[in-house]
Amino acid sequence: QVQLVESGGGLVQAGDSLRLSCAASGRFFSRYAMGWFRQAPGKEREFVGAIDWSGGSRYYADSVKGRFTISRDNAKNTVYLQMNSLKPEDTAVYYCAAHHSEFSSGSAYGDDYDSWGQGTQVTVSS
């Protein structure tokens with residue numbers, strides 16, 4: 001398994017930007033697709049986006065498409081979530097996760113990921 005630590009969350013105003021980072025330990029990070037999920041208070045965990053193992057393919061939830069961008073730097077064992085034009089409804093704890101299969105394209109289903117970070121809080125005020 002891969003150990004993951006998120007950072008970069010904070011309190012921002014609507015329309016602002018944030019970049020979340022997810023640092024991974026483990027020599028085989030580059031073999032795994034990575035996903036970002038979020039969970040708001042009182043709501044179920046929600047898929048945000050995913051990037052495949054190579055970084056060549058990524059996809060997003062409709063709610064963030066056009067505003068959020070996922071990227072990865074396999075040399076730094078890090079995956080990023082760039083969030084622009086933030087809205088109050090983006091307020092949540094954000095988690096990164098590593099897919100359970102090597103060399104996959106990723107998935108929108110949380111059960112397909114077996115390593116999770118501790119989460120980082122993002123709060124967007126109106």
Side-chain angles (χ1 to χ4, degrees):
Q1 286 192 338
V2 178
Q3 286 73 49
L4 304 170
V5 178
E6 302 96 336
S7 61
L11 171 63
V12 297
Q13 294 186 330
D16 285 351
S17 297
L18 272 179
R19 189 177 79 157
L20 306 184
S21 298
C22 172
S25 61
R27 58 188 295 186
F28 299 122
F29 167 77
S30 62
R31 297 182 180 184
Y32 294 96
M34 299 295 295
W36 283 96
F37 293 79
R38 67 187 182 186
Q39 188 166 21
K43 295 187 176 182
E44 293 188 352
R45 185 177 61 198
E46 175 187 30
F47 170 73
V48 174
I51 186 168
D52 76 343
W53 64 277
S54 70
S57 177
R58 61 205 78 185
Y59 52 99
Y60 304 93
D62 288 343
S63 59
V64 307
K65 200 173 296 182
R67 300 188 298 123
F68 289 13
T69 302
I70 296 176
S71 61
R72 66 189 298 160
D73 186 339
N74 285 340
K76 295 182 178 180
N77 277 15
T78 302
V79 62
Y80 304 97
L81 179 66
Q82 177 68 44
M83 305 186 294
N84 298 330
S85 303
L86 282 161
K87 305 175 181 180
E89 51 264 42
D90 294 320
T91 295
V93 178
Y94 283 72
Y95 300 90
C96 65
H99 198 274
H100 63 70
S101 297
E102 294 181 346
F103 306 118
S104 78
S105 59
S107 167
Y109 300 99
D111 288 348
D112 290 339
Y113 297 82
D114 63 358
S115 297
W116 293 81
Q118 83 290 349
T120 185
Q121 176 71 47
V122 172
T123 303
V124 184
S125 64
S126 58

Please give me the minimum heavy-atom distance between [X] and [Y], naming the atom from each residue.
X: Ser107; Y: Ala50; answer: O-CB, 4.1 Å
X: Leu18; Y: Gly10; answer: CD1-N, 4.0 Å
X: Tyr94; Y: Leu20; answer: CB-CD1, 3.5 Å
X: Ala92; Y: Ala40; answer: CB-N, 3.8 Å
X: Ser126; Y: Ala14; answer: CA-CB, 4.4 Å
X: Thr120; Y: Gly9; answer: OG1-N, 3.1 Å

For residues 79-126, which residue pairs qualify under disulfide bond (SG atoms under 2.5 Å apart), counting only residues two or more places apart or in two chains? Cys22-Cys96

Can you find a pair of side-chain heavy atoms, one from [X] and one from [Y], that are under 4.5 Å apart?
X: Thr78; Y: Phe29; value: no
X: Phe37; Y: Tyr113; value: yes
X: Glu6; Y: Trp36; value: yes

Nearest-0.5 Å distance that lies between atom [atom1] in [X] and atom [atom2] in [Y]:
X: Ile51; Y: Ser57; atom1: CD1; atom2: OG; result: 8.5 Å
X: Asp112; Y: His99; atom1: CG; atom2: NE2; result: 4.5 Å
X: His100; Y: Ser115; atom1: NE2; atom2: OG; result: 11.0 Å
X: Met34; Y: Asn74; atom1: CE; atom2: CG; result: 10.0 Å

Got a sec, which residues hit side chain to side chain donor-acceptor pair (under 3.5 Å) with Lys43, two or more places apart in sequence or on another chain? none

Residues forming a side chain to side chain donor-acceptor pair (under 3.5 Å) with Arg31, sequence neighbours excluded: Glu102

Only distances under 3.5 Å count here; give the side-chain donor-acceptor pairs of residues 79-89 to other protein atoms, sequence neighbours excluded, each with its distance to 0.1 Å.
from  : atom 1 : to    : atom 2 : distance (Å)
Gln82 : NE2    : Asn84 : OD1    : 2.9
Asn84 : OD1    : Ser17 : OG     : 2.9

Only counting residues at least two apart or in another chain, list the ones meeting salt bridge (Lys or Arg N to Asp or Glu O under 4.0 Å) with Arg38. Glu46, Asp90

Near-ring test Trp53/Tyr32, centroid separation under 6.0 angstrom: no

Quick check on the 6.0 Å ring-centre criterion: do Tyr59 and Phe47 meet it? yes

Check the pair Val48 / Tyr95 against side-chain contact (heavy atoms from CB on, under 4.5 Å), numbers first and verdict last. CA-CA 9 Å; Val48 174; Tyr95 300 90; over 6 Å; no

Crowding at OH, Tyr109 (>12 non-hydrogen neighbours, <6.0 Å): no

Can you confirm whether more than 12 heavy atoms, excluding those of Gln118, are under 6.0 Å from its CD atom? yes

If hydrophobic clusters are built from ILVMFWY residues whose side chains come within less than 4.5 Å, do Val5 and Val93 share one? no

Sorted by chain and number, sequence neighbours left out, side-chain contact (heavy atoms from CB on, under 4.5 Å) with Thr91 holds for Gln121, Thr123, Val124

